[in-house]
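Every number for a ligand or one of its atoms is a count from 1 in the order of the listing.
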Amino acid sequence: MTHHRIVIVGTGFSGLGMAIRLRQEGEDDFVLLERAGDVGGTWRDNTYPGCRCDVPSHLYSFSFAPNPSWSSTFSPQPEILDYLRDCADRYGVMPHIRFHTDLRVADWDEDSQLWRIETSQGELTADMLIAAQGPLSGPSYPDLPGLERFEGKTFHSARWDHEHDLEGERVAVIGTGASAIQFVPEIQPKVARMHVFQRTAPWVMPHRNRPLRGWERALYRLFPPAQLAMRAAIYWARESFVLQFRRPRLGKLVQNVALRHLNTQVEDPALREKLRPSYALGCKRILPTDAWYPALVKPNVELVTDGIREVRPRSIVSADGSEREVDTIVFGTGFHVSEIPIATRIRGRDGRSLSETWDGSPSAYKGSAVAGYPNLFFLVGPNTGNGHTSIVFIIESQIHYVLGALRALRRSGARTVEVRPEAQTAYNAEIDHMTEGTVWVSGGCKSWYIDRNGHNSILWPTFTWPFRQRLREFDEAAYALGAAATEEEPLALAA
Ligand code: NAP
């Protein structure tokens with residue numbers, strides 16, 4: 001059976017970033033497990049029309065790999081995917097990737113002190129497991145009565161069926177989140193009729209996307225510090241958004257901008273009313289777009305706010321009894337964020353899966369380590385999400401922290417590293433305290449930031465710079481370092 005020092009799950013921003021930094025630190029004995037045939041994670045899977053990052057390009061990239069060639073201030077999905085492919089290639093990660101290899105089970109073997117990993121391509125073992133599959137990897141499908149009897153076409157926004165031509169069709173779109181607001185305006189002109197089923201109206205802000213001019217790109221190429229300065233300016237400007245989340249009264253000012261946007265773009269008072277959110281701005285993700293409302297006012301589009309009672313073989317019946325015939329249903333219904341599929345597959349020292357341990361409320365120390373699961377680190381783990389800035393900033397903070405853990409292992413000659421339960425408990429009590437009074441719990445909405453137990457297990461509930469500060473040093477005192485390594489070769493990372 002093959003053994004590797006490190007096995008990384010996933011090749012999105014997290015997995016690739018981790019692999020690149022490992023190589024840069026001289027560690028070569030690692031593999032990345034990738035269930036698909038290409039890198040890119042969520043930016044490979046989400047190919048729906050109009051898919052684009054809603055965080056500015058200069059910030060939504062690795063700090064060590066700036067890209068002067070972005071075509072616009074907010075990059076389209078194909079460019080981000082190309083960027084990730086290029087990074088994987090340029091930094092020598094490709095030979096480490098095992099494509100079409102799905103992790104089925106990872107069991108911690110206490111006797112041998114390693115992970116026993118079963119994949120769709122066979123078994124392997126590893127000293128260290130790094131879960132970098134991300135929280136947006138498992139699409140969530142709604143449980144609609146009668147859906148299994150529907151005879152038309154259905155697909156999820158994260159599994160867009162490009163073979164299926166929507167031209168002239170009657171289409172139902174379920175969901176009005178970050179994905180739907182991007183693809184609805186793109187498909188509206190080609191469909192005969194579109195019924196958009198909205199459960200909760202999102203807060204929508206004007207969008208500031210624009211093409212980057214030739215001279216800007218030339219400047220960034222010839223003088224990289226200019227792009228770094230832009231990145232820093234964007235970072236700090238977006239950090240200020242946190243104020244409105246932590247002090248919901250400040251959010252009222254921003255709410256007025258959003259309401260003006262709605263009132264300017266939608267004339268019909270009845271439609272406006274349906275589109276006016278009934279909770280505080282920021283409670284759910286704020287969506288930047290200039291195209292959403294104009295698409296909804298088109299004559300071939302209907303916004304349905306009655307719930308769905310039933311799906312019939314060729315139609316959808318809403319709560320008021322109206323029946324709408326449809327050819328295709330597109331689910332823009334998001335992801336299993338707090339019930340991540342991999343949690344059922346990772347089993348710790350006592351044989352319990354993470355999902356059993358978490359019981360619907362994921363929890364970790366610094367979003368990275370879980371007591372009872374030695375030599376396991378998460379990237380974008382519990383309480384690392386945010387609603388205002390680039391997740392790549394969080395990812396790089398965590399990669400730095402994991403490298404610190406690997407150095408600590410090397411320095412001490414230890415074989416295992418496991419967070420102490422009391423450190424994890426204290427850390428999470430602090431997060432709970434930080435979450436109190438924020439818009440996410442007091443804003444009057446139901447969002448996927450709050451799990452089924454009513455607990456914030458998703459968001460890092462404040463500015464991101466304190467997160468980076470906390471992960472700057474690997475705090476060995478919070479961990480138990482186990483049994484000295486025998487004659488085995490130590491990790492290559494320098495102490
Ligand atoms: P989402 O934000 O979770 O939105 C899902 C939508 O589906 C919501 O409107 C939700 O309604 C609705 N929904 C879910 N289950 C439903 C049901 N059973 N019946 C009726 N409606 C239902 O998902 P998403 O739009 O795919 O976005 C997920 C995340 O991906 C975002 O928050 C963001 O982090 C990321 N994302 C980013 C970008 C970007 O950068 N541009 C683009 C897309 C996605 P409720 O609101 O009532 O729950």
Just to be sure I'm reading this right: ignoring hydrogens, which of Tyr449, Phe335, Trp448 gets closest to atom 32 (O) of ligand 1? Compare them by their nearest heavy atoms.
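That would be Trp448.
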
Pick whichever of Gln77, Arg199, His156 has a heavy atom sitting closest to atom 48 (O) of ligand 1.
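Shortest heavy-atom distance from atom 48 (O) of ligand 1: Arg199.
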
May I ask whether Tyr48 places a heavy atom under 4.0 Å from ligand 1?
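Yes; Tyr48 lies near enough to ligand 1 that a heavy-atom distance drops under 4.0 Å.
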
Heavy-atom gap Gln198 to ligand 1 smaller than 4.0 Å:
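No heavy atom of Gln198 comes that close to ligand 1.
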
Is there a polar contact, in the sense of an N or O pair closer than 3.5 Å, between [X] and ligand 1?
X: Ala180; answer: no
X: Trp43; answer: no
X: Asp143; answer: no
X: Lys284; answer: yes
X: Arg52; answer: yes
X: Gly332; answer: yes

Give the contacting part of [X] toward ligand 1: side chain, backbone, both or neither, where contact means a heavy-atom distance below 4.0 Å.
X: Gln182; value: side chain
X: Phe197; value: neither
X: Leu136; value: side chain

Using the ring of each side chain (for Trp, its six-membered ring), is [X] parallel, tilted or perpendicular to [Y], with breaks at 30° and 60°?
X: Trp465; Y: Trp236; result: tilted
X: Phe64; Y: Tyr91; result: perpendicular
X: Trp440; Y: Phe245; result: tilted
X: Tyr220; Y: His58; result: perpendicular

Does [X] use its side chain to pair, donor to acceptor, with the backbone of [Y] at less than 3.5 Å?
X: Lys366; Y: Leu471; answer: no
X: Gln77; Y: Tyr48; answer: no
X: Gln182; Y: Arg52; answer: yes
X: Asp102; Y: Arg35; answer: no

Identity and distance of the protein heavy atom lying nearest [atom]:
atom: atom 12 (C) of ligand 1; result: Gly175 CA, 3.6 Å
atom: atom 37 (C) of ligand 1; result: Ala178 CB, 4.2 Å
atom: atom 47 (O) of ligand 1; result: Thr200 OG1, 2.4 Å
atom: atom 23 (O) of ligand 1; result: Gly334 CA, 3.1 Å
atom: atom 4 (O) of ligand 1; result: Gly177 CA, 3.5 Å

Taking C-beta and beyond as the side chain, do Phe13 and Ile391 meet within less than 4.5 Å on heavy atoms?
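No, every pair of side-chain atoms sits at 4.5 Å or beyond.
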
Show which atoms of ligand 1 fall inside a sub-4.0 Å distance from at least one heavy-atom site of [X].
X: Ile174; answer: 20 (C), 21 (N)
X: Arg285; answer: 31 (C), 32 (O), 33 (C), 34 (O)
X: Pro142; answer: 17 (C), 18 (N)

I'd like to know if Glu34 and Arg44 make a salt bridge, using a cut-off of under 4.0 Å between side-chain N and carboxylate O.
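Between Arg44 and Glu34 there is a salt bridge, with a charged N closer than 4.0 Å to a carboxylate O.
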
Taking Glu169 first and then Lys153, would you say they form a salt bridge - that is, a charged N and a carboxylate O separated by under 4.0 Å?
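Result for this pair is no, no salt bridge flagged.
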
Just by distance, with hydrogens left out, do His207 and Asp54 show a side-chain donor and acceptor under 3.5 Å apart?
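No, Asp54 and His207 have no side-chain donor paired with an acceptor closer than 3.5 Å.
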
